[in-house]
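This report concerns only the one structure given below.
All figures in this text were calculated on a predicted structure; none of them were measured in a lab.
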Amino acid sequence: MITKRSMVKALLAAEEPSPRVRVQGWVRTKRDSKAFSFVEINDGSCLANIQVIVDATVPDYETSILPLRTGASIEVEGELVESQGKGQKWEMVAKSVIIHGNADEDYPLQKKGHNAEFLRSISHLRPRSNLFGCVFRVRSRLAYAVHQFFQQKDFVNVHTPIITASDCEGAGEMFQVKTLSGGTGDNEKGSEEFFGKPAFLTVSGQLEGETFACALSNIYTFGPTFRAENSHTTRHASEFWMIEPEMAFCDLDADMTLAEELVKYLVCDVLENCAEDLELFGKFVDKGLMERLHFVRERSFERVTYTEAVELLEKSGVKFEFPVEYGANLQSEHERYLTEQHFKCPVTVYNYPKEIKPFYMRLNDDDKTVAAMDLLVPGIGEIVGGSQREERLDILKGNMERDGLKEEEYWWYVDLRRYGSVPHAGFGLGFERMLMFVTGVANIRDVIPFPRVPGWAEF
RNA sequence: UCCUGCGUAGCUCAGCGGUAGAGCGGGUGACUGUUAAUCACUAGGUCGUUGGUUCGAAACCAACCGCAGGAGCCA
């Protein structure tokens, strides 16, 4: 009878020895003696490896086991016993070993640490490293927690389109989608657009999300978005995932509360469910990580209006490279000062001057500011951007005219203000930025399995 | 797009005007309940590319290419 496969995670958490278990995984390191070998196997179920003792009497020892190199895939059946050595509680004594595939001599992953830049060039192998195994386990858990958060609150998950014909926000920097021939693929109609008009990869599902909120009340999207910005920073990628809730009968205040709750929920969830992985980040990636995460869990976030933020910055006495000026966007260094120096915790800045924000944000009664908000976190800066949406038809139309947007192209969006318009609000949370925040990983390219940035789309 | 820095062995780096080095990784052997094992031996390089300066360039200069960091834009 074939013994059922056990994952390494389960074996290491065993409460008692077991006469017959089977593991399948990849060799992380091997140390040979005269009479036996220590082989450490990892199967990705957790950070730790299981140590296997393979005695020289095991069949094919000299021909199969001795030539094994780091990276080889093997399967071991044997006994789970308490370890005689220090460093691990459990280990396996092999009875039989199957080599699925040895690794060539030039397997690039060493037992020693590699830097992130090199590992990025071998994205197909880096999940086999300790660091990236941890990162992508946490990424999976975080995605799960996002759905859990919203589902518990009865939000409806909407799959907004990835190909879109509306250029949301007039952002401009989009990828165009077309066929190789540029047309429908039909020779006679070769000059026609496949979709009848220019189409793009979405930069946001917000506008479509609003239409669903105006029917199902509370909705959220969670999917890939694309920006053709020629950005070269540690916080930008051409393809990234975004979470965008949208709520009908909702104002900015409730919007900010939801954003704060979400960030806090995700931090708590990861602290609870990814403890081992976080420990590695705290040790090797970001020494201050655990302190920061506990801080976020314990304390409440701060809120300041844009006007107050500008005053704080002016009174700070700090010499910024770019001067603080009412009416201008806050610079990265300003945001960093607020969240890292002044408040030393996540901060929500709200009510921005209308001139620096897009057409769909709701005009406040002061006629100068809009009900917009940015949630800033230490180390990363903006992690959430959101607003209450302009639900008044005349004002929305005025904004569109001001920004040079054609009403015909947004007819369906404008319709929402004609048929049962309601106050509504939402925000976008950058999934990868959240992941960077909870792991301490400094570069967005290292929290995406196969990152796409200008000049790089390998794999 | 702008600004700065860096490209030397598979990896991490030293060499900074006199002709190629170390550690790790690989190979071979020894030894050991080992655990980033240890010890010995060994293979491995158009010093990013092109051009220039020089008796001589990995080193100095220029252009280009690539990468990284910062800015802007944002999530």
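- For the pair A:Glu382 and A:Arg336, both in contact range of RNA chain B, the more 5′-proximal nearest nucleotide belongs to A:Arg336.
- For the P atoms, the distance linking B:G18 with B:C60 amounts to 12 Å, nearest Å.
- A close approach under 4.0 Å does not occur between any side-chain nitrogen or oxygen of A:Arg120 and OP1 or OP2 of B:G66.
- The shortest non-hydrogen separation linking A:Ala116 to A:Asp446 is CB-OD2, 3.4 Å.
- In the set B:A71, B:G27, B:C74, the nucleotide with an atom closest to the side chain of A:Glu335 is B:C74.
- The base of B:A75 sits within donor-acceptor range of the side chain of A:Arg227, with an N or O pair under 3.5 Å.
- Straight-line distance between the C1' atoms of B:A59 and B:A30: roughly 42 Å, to the nearest whole Å.
- Nucleic acid contact for A:Asp106: none, since no nucleic acid atom lies under 4.0 Å from a heavy atom of the residue.
- Closest-nucleotide positions on RNA chain B for A:Gln331 and A:Ser83 were compared, and the one nearer the 5' end corresponds to A:Ser83.
- A:Glu321 places its CD atom 13 Å from the P atom of B:U4, with the value rounded to the nearest Å.
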Which parts of nucleotides 36-46 of chain B does protein reach within less than 4.0 Å, heavy atoms only, written one letter per nucleotide 5' to 3' as B for base, S for sugar-phosphate only and - for none? BS---------
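- A donor-acceptor pair shorter than 3.5 Å cannot be found between the side chains of A:Asn443 and A:Arg235.
- In this structure, CZ of A:Phe36 is placed 7 Å from C1' of B:U34, rounded to the nearest angstrom.
- Between the side chain of A:Asn102 and the backbone N or O of A:Arg69, at least one donor-acceptor pair lies under 3.5 Å.
- What separates NZ of A:Lys34 from C1' of B:G33 is a distance of 16 Å, to the nearest Å.
- The listed nucleotides are B:G33, B:A68, B:C73; the one nearest the side chain of A:Glu117 is B:A68.
- Scored by the side-chain contact (heavy atoms from CB on, under 4.5 Å) test, A:Glu382 finds A:Glu335, A:Asp374, A:Leu376, A:Arg433 as partners (sequence neighbours excluded).
- Between A:Phe155 and A:Phe150, the angle of the ring planes lies from 30° to 60°, which puts this pair in the tilted group.
- Contact annotation: the side chain of A:Leu363 approaches that of A:Lys354 to within less than 4.5 Å [non-hydrogen atoms, C-beta and beyond].
- Nucleotides B:A14 and B:U1 have their P atoms positioned 31 Å apart, rounded to a whole Å.
- Residue A:Asp104 contributes atom CG, which lies 13 Å from atom C1' of B:G10 at whole-angstrom precision.
- Rounded to the nearest Å, the gap between the C1' atom of B:G69 and that of B:A43 is 37 Å.
- For the contact set between residues 50-73 of chain A and RNA chain B, defined by any heavy atom under 4.0 Å, the members are A:Gln51, A:Ile53, A:Arg69.
- For A:Tyr410 and A:Phe359, the gap between ring centers is short of 6.0 Å.
- Remark: the A:His114 side chain and the B:C11 base include no donor-acceptor N/O pair separated by less than 3.5 Å.
- Note on A:Phe322: only backbone sugar-phosphate atoms sit closer than 4.0 angstrom, heavy atoms only; bases stay farther off.
- Applying the side-chain contact (heavy atoms from CB on, under 4.5 Å) test to A:Glu355 and every residue at least two apart in sequence or in another chain returns A:Pro353.
- Comparing the same atom, C1', in B:U8 and in B:U12 gives a spacing of 12 Å after rounding to whole Å.
- Considering only the side chain of A:Ile444, B:A75 comes nearest among B:A71, B:A75, B:G10.
- In this structure, A:Asn115 places its CG atom 11 Å from P of B:G69, rounding to the nearest Å.
- Atom CD1 in A:Ile448 sits about 11 Å away from atom C1' in B:A75, given to the nearest Å.
- Spacing of P atoms, B:G66 relative to B:G29, comes out at 45 Å, to the nearest Å.
- Within the shown strands, B:A68 is the pairing partner of B:U4 under the Watson-Crick or G-U definition, both distances less than 3.5 Å.
- Considering only side-chain atoms of A:Thr234, the nucleotide from B:G69, B:C74, B:G72 that sits closest is B:G69.
- Between A:Phe175 and A:Phe226, the two ring planes are perpendicular [angle over 60°; tilted spans 30° to 60°].
- The distance between atom CZ of A:Phe118 and atom C1' of B:C13, rounded to the nearest whole Å, is 15 Å.
- Neither OP1 nor OP2 of B:G72 sits under 4.0 Å from any side-chain N or O of A:Asn230.
- Among the heavy atoms of the strands lying under 4.0 Å from A:Glu105 are primed sugar atoms or P, OP1, OP2 only; no base atom is included.
- Contacts of A:Gly455 with the nucleic acid, taken as non-hydrogen atoms under 4.0 Å apart, involve only primed sugar atoms and P, OP1 or OP2.
- The aromatic rings of A:Phe459 and A:Phe450 lie tilted to each other, with the angle between the two planes from 30° to 60°.
- At the heavy-atom level, A:Glu91 lies under 4.0 Å from base atoms of the strands shown.
- Only the P atoms considered, B:A57 is 12 Å distant from B:G52, to the nearest whole Å.
- Taking the side chain of A:Trp456 as heavy atoms from C-beta on, and the options B:G69, B:G72, B:C67, the nearest nucleotide is B:C67.
- Residues satisfying the side-chain contact (heavy atoms from CB on, under 4.5 Å) criterion with A:Ala237, sequence neighbours excluded, are A:Ile444, A:Ile448, A:Val453.
- In this structure, A:Arg28 reaches neither bases nor backbone, as no heavy-atom distance under 4.0 Å exists between it and the strands shown.
- Taking the 5.5 Å centre cut-off and the 30° plane limit, the aromatic side chain of A:Phe240 is classed as stacked on B:A75.
- You'll find that the side chain of A:Ser33 is closest to B:U32, out of B:C74, B:U32, B:G72.
- In this structure, the nucleotide among B:G27, B:U34, B:G72 sitting nearest to the side chain of A:Gln88 is B:U34.
- Legend: residues meeting side-chain contact (heavy atoms from CB on, under 4.5 Å) with A:Arg292, ordered by chain and number and at least two apart, are A:Asp286, A:Leu289, A:Pro378, A:Phe437.
- Atom CE of A:Met242 is separated from atom C1' of B:C74 by 10 Å (rounded to the nearest Å).
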